[in-house]
Number of protein chains: 2
Amino acid sequence: MRYEVRKTSYILATETAAMSQTQHPLPTDGELEILQILWEKGPVTVRQVNEAMNLLRPVGYTTTLKLLQIMDSKGLVSRDSSQKIHVYAAALPPDQTRKALLDRFLETTFQGAAGEMVLQLLGGHRTTEDELSRIRKMLDHQDNQNA
Amino acid sequence: MRYEVRKTSYILATETAAMSQTQHPLPTDGELEILQILWEKGPVTVRQVNEAMNLLRPVGYTTTLKLLQIMDSKGLVSRDSSQKIHVYAAALPPDQTRKALLDRFLETTFQGAAGEMVLQLLGGHRTTEDELSRIRKMLDHQDNQNA
DNA sequence: CTTAAAATACGAAATCATTCGTAGATGCGT
DNA sequence: ACGCATCTACGAATGATTTCGTATTTTAAG
């Protein structure tokens, strides 16, 4: 008995999620929220992170601190503790982390059918001309690789 | 110091996740795993779901049952309990549920930048010609809408 | 040096999701 | 009707993540 969900879609990953995240676990939702701030602001103090968080929703200072400490222990952020006030920065660039999260999401939600996912996505979003052309270029590039 | 995340991307959703999921909460990971089975197999008994689950990993029968009961209480599945052996089916079609999950993922992980997400996706996946052409058609359709 | 303000460390509560054990109901074969 | 296999119901343990309270440390000002 087989589970058949994919229809016209057939995708091969060139690289596994595990390979792209060597050493680092995937961030949890709360951790990702902090990473987004770190990616945007660069190296910052706990207070700066917490203030950014509080623009979105109320979060206690020690909550933010604790999460950053956990993330440090997981290797998701680096910490400069040479001064009293520690400065945190994301350990990995956004692309790499987002790609790893995307791979997992694609697998769990679309069972690996990348094309299906793109169609769902474009079906519900208005996209700019510039973006469309960048995507076309990427498609052409894929074409060359396949040929 | 700045990590620039969005560059040329600018997206507007035409519909919010909440709008597309009127009435139904988003499934959790475990619930989604069961939904995938229901979508593939159609209306089935708890035992059938559990057997499908056990092809992937060991799960106790009552675990599967409990999850289905929870999903029923959330409205994620429908249940026919007219017979002794209940029969469950997904309450929503896969497209609608996956789209809602995709919207949330896009927001939390890519901060809404759909184009960035597509680029990340295509950057790491080998895609079939058929799939590429379907995506091109969708791009052209978007073009028309934008014009 | 003393104190106050502000930071870090960390245990533990709170929350959410998953897993399972046990109790009780149901139906089937004999 | 009896007993066994199988089902549903459901409380509760487990596990993961998030949140916070409290203790301690550090720095800088007076």
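Every chain is numbered from 1 and lettered A, B, ... according to where its sequence line falls, protein lines coming before strand lines.
Partners of A/Asp95 according to the side chain to side chain contact (heavy atoms under 4.5 Å, CB included) rule, which considers only residues two or more places apart in sequence or in another chain, are B/Gln120. Residues passing the side chain to side chain contact (heavy atoms under 4.5 Å, CB included) test with A/Gln48, sequence neighbours excluded: A/Val44, A/Thr45. For A/Ala52, the side chain to side chain contact (heavy atoms under 4.5 Å, CB included) partners two or more places apart in sequence, or in a different chain, are A/Ile37, A/Lys41. With sequence neighbours left out, A/Ser73 forms a side chain to side chain donor-acceptor pair (under 3.5 Å) with no residue at all. Partners of A/Thr28 by side chain to side chain contact (heavy atoms under 4.5 Å, CB included), not counting sequence neighbours, listed by chain and number: A/Glu31, A/Lys74.
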With 3.5 Å as the limit, what N/O pairs link the protein to nucleotides 28-30 of chain C?
none

Distances under 3.5 Å only, N/O to N/O: pair up the protein atoms with those of nucleotides 28-30 of chain D.
none

Listed pairs, N/O of protein and of nucleotides 3-5 of chain D, under 3.5 Å:
none

Polar atom pairs between nucleotides 16-21 of chain C and protein, under 3.5 Å, N or O only, would you list them?
| residue | atom | partner | partner atom | Å |
| --- | --- | --- | --- | --- |
| C/dT18 | OP1 | B/Thr28 | OG1 | 3.3 |
| C/dT18 | OP1 | B/Gly30 | N | 2.5 |
| C/dT18 | OP2 | B/Thr28 | OG1 | 2.8 |
| C/dT19 | OP1 | B/Arg57 | NH1 | 3.2 |
| C/dC20 | OP2 | B/Gly60 | N | 3.1 |
| C/dC20 | OP2 | B/Thr63 | OG1 | 3.1 |
| C/dG21 | N7 | B/Thr62 | OG1 | 3.4 |
| C/dG21 | O6 | B/Thr62 | OG1 | 3.4 |

Review item, nucleotides 1-3 of chain C N/O atoms under 3.5 Å of protein N/O:
none

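Distance, B/Leu65 CG to C/dT26 C1': 15 Å, rounded to whole Å. Counting to the nearest Å, the P atom of D/dT8 and the CG atom of B/Asp80 are 11 Å from each other. If you measure from atom CZ of A/Arg79 to atom P of C/dA7, you get 15 Å, rounded to the nearest angstrom. Taking atom CG of residue A/Leu68 and atom P of nucleotide D/dT17, one finds them 16 Å apart after rounding to whole Å. Nucleotide D/dA16 holds its P atom 15 Å from the CG atom of A/Leu26, rounded to whole Å. Atom CG of A/Asn50 is separated from atom C1' of C/dA6 by 13 Å (rounded to the nearest Å). With rounding to whole Å, A/Gln83 atom CD is found 15 Å from C/dA6 atom C1'. What separates CD1 of B/Ile85 from P of C/dT26 is a distance of 14 Å, to the nearest Å.
Counting only distance, with no hydrogens or angles, the side chain of B/Asn50 and the backbone of B/Thr64 share no donor-acceptor pair below 3.5 Å. Side chain of A/Thr63 to main chain of A/Val59: no donor-acceptor pair is present (N/O by atom type, distance under 3.5 Å, no hydrogens or angles). Put simply, the side chain of B/Trp39 gets close to the backbone of B/Leu92: a donor and an acceptor are under 3.5 Å apart. Side chain of A/Glu116 to backbone of A/Gln111: no donor-acceptor contact under 3.5 angstrom is found.
In this structure, B/Thr97 and B/Leu35 have side chains that are in contact, with non-hydrogen atoms separated by less than 4.5 Å. Side-chain contact between A/Pro27 and A/Leu101: present, with at least one pair of heavy atoms (C-beta onward) separated by less than 4.5 Å. Using a 4.5 Å cut-off on side-chain heavy atoms (C-beta onward), A/Lys99 and B/Met117 make no contact.
Sorted by first and then second residue, the pairs that involve residues 65-107 of chain B and meet ring pair (Phe, Tyr, Trp, His ring centres under 6.0 Å), not counting sequence neighbours, are A/Phe105-B/Phe105.
Taking side-chain N and O atoms only, B/Arg47 has a distance below 4.0 Å to OP1 or OP2 of D/dC7.
Taking both residues in full, the closest heavy atoms of B/Pro25 and B/Leu76 are given as O-CD2, 3.2 Å, listed atom of the first, atom of the second, then distance. When every heavy atom of B/Ala100 is checked against every heavy atom of B/Leu26, the shortest pair comes out as CB-CD2, 3.5 Å.
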Listing, residues 65-72 of chain B side-chain donor-acceptor contacts under 3.5 Å, not counting sequence neighbours, or none:
| residue | atom | partner | partner atom | Å |
| --- | --- | --- | --- | --- |
| B/Asp72 | OD2 | B/Arg79 | NE | 3.4 |
| B/Asp72 | OD2 | B/Arg79 | NH2 | 3.0 |

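Looking at the side chain of A/His86, the nearest of the listed nucleotides D/dT6, C/dA7, C/dA9 is C/dA9.
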